[in-house]
Amino acid sequence: MRLAAVVGVFGWLTIYLAEGAMMLYFGRVLLGICTGLLSYVVPVFIAEIAPKDLRGGLTTSNQLFICSGCSAAYISGALLSWRSLTLVGLVPCAFLFWGLLFIPESPRWLANTGREKEFRTSLQNLRGENADISDEATEIREYIETVHHLPKARIQDLLQSKNMFAMIVGAGLMIFQQLGGINAIGFYTSYIFSSAGFSGKLGTILIGVIQIPITLFGALLMDRSGRRALLLVSSSGTFLGCFLTGLSFYFKAQGLHTQLVPALALYGILAYYMAYSIGMGPIPWVIMSEIFSIDMKAIAGSLVTLVSWLGSFAISYSFSFLMNWNSAGTFFLFSAASLVTMLFVARLVPETKGTTLEEIQESLMGVGLTD
């Protein structure tokens with residue numbers, strides 16, 4: 001995470017000092033590396049240090065602050081020049097680097113590397129000075145010892161039955177997250193509103209305003225309602241939002257109910273963001289941080305993160321072509337992807353609420369051996 005923060009600082013400085021397209025590209029590559037590292041490492045780190053009854057909410061807090069940053073970018077971007085905005089981007093990177101100096105290392109990582117004394121110290125600091133950590137420490141140590149008796153993880157081990165189910169769930173959620181259109185809609189929000197006859201600037205500001213409280217609401221529900229329930233509600237909402245937006249563009253193309261077109265687009269996009277923020281935004285990353293065994297976490301998590309960002313690139317790159325092909329059809333495709341997401345969640349995604357990471361591994365091993 002410290003490395004990512006340093007790369008992020010250099011990325012923003014490169015963009016700020018850019019005098020041509022090549023420096024802008026280089027700065028964006030650096031920021032892409034920074035974002036790619038943090039998007040995987042942060043939820044995994046939070047999942048490893050959090051107690052089981054708070055893990056979902058705390059991991060979702062990562063998405064809450066991402067939404068806060070996006071909201072700040074939406075609002076600031078409407079008020080500042082792009083070069084001034086890069087200076088704003090420097091602040092969280094510098095703050096992250098400074099803050100990491102005071103954060104303890106993951107107890108599970110310390111146990112996995114054989115640093116017993118530091119493992120217990122870190123776990124005690126995280127649970128509180130007077131907390132009894134003996135049971136949790138024993139469970140973590142026993143699981144680590146079991147893992148150490150296994151052969152060293154290789155990428156081909158992902159094809160083994162005990163790992164395959166977790167890979168299908170993790171990668172599947174990331175794929176459906178992107179097929180729902182989030183990054184395309186996020187990158188082209190102003191364009192979508194303007195195309196539907198609504199103010200692009202006002203629309204992006206409204207999205208920035210609603211994202212934070214909705215994501216906070218989702219974080220509060222995470223360890224109460226469970227992951228599966230929120231995913232089903234969220235994918236239902238993204239279906240409705242995309243369907244309403246597609247309907248607005250259909251009416252516009254056909255010259256029907258033209259007075260409803262801007263309102264339908266506004267309500268559709270706002271409904272989409274609200275639904276996405278409580279489930280399909282944070283929960284795939286939460287589940288990804290929970291379902292992989294500690295020996296496979298680096299390989300499997302990196303691959304799932306790669307799938308997510310490749311999906312983001314593919315959908316974002318093709319969005320303008322899809323809109324030129326058929327604006328209404330584009331959003332109807334996104335809504336259809338949300339319907340398939342509901343089926344995928346109902347059939348395959350396990351509930352991980354209220355269980356330790358070690359208990360999750362035991363349950364998934366049972367699924368792999370059975371299947």
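Treat the numbers as computed from the prediction; the structure is a model and nothing was measured.
- Across every non-hydrogen atom of Gly329 and Asn326, the tightest pair is N-OD1, 2.7 Å.
- Contact check for Ile287 versus Glu290: side-chain heavy atoms found under the 4.5 Å cut-off.
- Under the 4.5 Å side-chain heavy-atom criterion for grouping Ile, Leu, Val, Met, Phe, Trp and Tyr, Leu100 is connected to Leu38 within one hydrophobic cluster.
- When side chains are defined from C-beta on, Thr86 does not count as touching Leu90, because their heavy atoms never get closer than 4.5 Å.
- Distance check: Met288 CE to Met167 CE gives 11.0 Å after rounding to the nearest 0.5 Å.
- Applying the side chain to side chain donor-acceptor pair (under 3.5 Å) test to Arg115 and every residue at least two apart in sequence or in another chain returns Glu118.
- Cluster membership for Val42 and Ile33, using ILVMFWY side-chain heavy atoms within less than 4.5 angstrom, is not shared.
- Residue Val340 is grouped with residue Leu348 when hydrophobic side chains (ILVMFWY) are merged at heavy-atom distances under 4.5 angstrom, including chains of intermediate members.
- Looking only at side-chain heavy atoms (C-beta outward), Leu37 and Met1 stay at 4.5 Å or farther from each other.
- Shown here are the ring pair (Phe, Tyr, Trp, His ring centres under 6.0 Å) partners of Phe45, two or more places apart in sequence or in another chain: there are none.
- Phe193 CZ: more than 12 foreign heavy atoms inside a 6.0 Å radius.
- Counting heavy atoms from C-beta outward, Trp309 and Thr35 have side chains that approach closer than 4.5 Å.
- Here side-chain hydrogen bond (donor to acceptor under 3.5 Å, both in side chains) pairs that include residues 333-342, with residues two or more places apart or in two chains, are Thr238-Ser338.
- With sequence neighbours excluded, no residue forms a ring pair (Phe, Tyr, Trp, His ring centres under 6.0 Å) with Phe97.
- The shortest non-hydrogen separation linking Gly99 to Ile103 is O-CG1, 3.5 Å.
- A distance of 11.5 Å separates CG in Leu306 from CE in Met174, rounded to the nearest 0.5 Å.
- Taking CZ from Arg227 and CG from Leu232, the interatomic distance works out to 14.0 Å, rounded to the nearest 0.5 Å.
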Less than 3.5 Å apart, which donor and acceptor atoms pair up between the side chains of residues 314-325 and the rest of the protein, not counting sequence neighbours?
from: Ser316; atom 1: OG; to: Ser312; atom 2: O; distance (Å): 2.7
from: Ser318; atom 1: OG; to: Ala314; atom 2: O; distance (Å): 2.8
from: Ser318; atom 1: OG; to: Ile315; atom 2: O; distance (Å): 3.2
from: Asn324; atom 1: ND2; to: Ser320; atom 2: O; distance (Å): 3.2

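- Rounded to the nearest 0.5 angstrom, Ser190 OG and Leu202 CG are separated by 10.5 Å.
- Taking the salt bridge (charged side-chain N to carboxylate O under 4.0 Å, His left out) definition, one finds that Arg127 meets it with Glu136, sequence neighbours left out.
- By the 4.5 Å heavy-atom criterion applied to side chains, Glu105 and Phe119 are not counted as neighbours.
- Closest heavy-atom contact between Ile278 and Phe217: CG2-CD2, 4.5 Å.
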Kindly list each side-chain donor-acceptor pair under 3.5 angstrom involving residues 23-30, sequence neighbours excluded, with atom names and distances?
none

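- Side chain to side chain, Thr189 and Tyr273 meet the donor-acceptor criterion of an N or O pair below 3.5 Å.
- A distance-only check finds a donor-acceptor pair linking the side chain of Gln124 to the backbone of Ala131 [under 3.5 Å].
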List, one per line, each side-chain donor-acceptor pair under 3.5 Å for residues 4-16, sequence neighbours excluded.
from: Trp12; atom 1: NE1; to: Gly89; atom 2: O; distance (Å): 3.2
from: Thr14; atom 1: OG1; to: Phe10; atom 2: O; distance (Å): 2.7

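- In terms of modelled atom types and a separation under 3.5 Å, the side chain of Ser234 and the main chain of Met280 share a donor-acceptor contact.
- Annotation for Arg120 and Ile133: closest pair O-CD1, 3.8 Å, computed over non-hydrogen atoms.
- One finds the CG atom of Leu206 at 6.0 Å from the CG atom of Leu270 (value rounded to the nearest 0.5 Å).
- Follow the hydrophobic side-chain contacts under 4.5 Å out from Phe165 and you reach Ile168 in the same cluster.
- Between the side chain of Arg108 and the backbone N or O of Ile140 there is no donor-acceptor pair closer than 3.5 Å.
- At a threshold of 4.5 Å between non-hydrogen side-chain atoms, the residues Thr245 and Phe334 do not count as touching.
- Taking the ring pair (Phe, Tyr, Trp, His ring centres under 6.0 Å) definition, one finds that Trp98 meets it with Phe95, Phe102, sequence neighbours left out.
- For Tyr250, the ring pair (Phe, Tyr, Trp, His ring centres under 6.0 Å) criterion is met by no residue, not counting sequence neighbours.
- When all heavy atoms of Ile49 and Ser106 are compared, the closest pair comes out as CG2-CA, 4.0 Å.
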| Check against side-chain contact (heavy atoms from CB on, under 4.5 Å), Met342 and Leu339 | CA-CA 5 Å; Met342 294 169 62; Leu339 282 179; 4.1 Å; yes
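- Cluster annotation: Leu230 and Ile210 are assigned to the same hydrophobic cluster (Ile/Leu/Val/Met/Phe/Trp/Tyr, side-chain heavy-atom contacts under 4.5 Å, transitive).
- Of the listed residues (Phe249, Tyr188, Tyr272, Phe239), just one forms a ring pair (Phe, Tyr, Trp, His ring centres under 6.0 Å) with Phe331, and that residue is Phe249.
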Throw together a table of side-chain donor-acceptor distances under 3.5 angstrom for residues 257-268, partners on residues two or more places apart or in other chains.
none

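- With contacts defined as side-chain heavy-atom distances shorter than 4.5 Å, the pair Val169/Leu173 qualifies.
- In this structure, the separation between OH on Tyr276 and OG on Ser235 is 12.5 Å, given to the nearest 0.5 Å.
- With sequence neighbours excluded, no residue satisfies salt bridge (charged side-chain N to carboxylate O under 4.0 Å, His left out) with Glu351.
- Pairing each heavy atom of Ser308 with each of Trp285, the nearest pair is OG-CZ2, 3.7 Å.
- The shortest distance between side-chain heavy atoms of Cys242 and Ile185 falls below 4.5 Å.
- Around the CD atom of Gln254, the shell of radius 6.0 Å holds more than 12 heavy atoms that belong to other residues, nucleotides or ligands.
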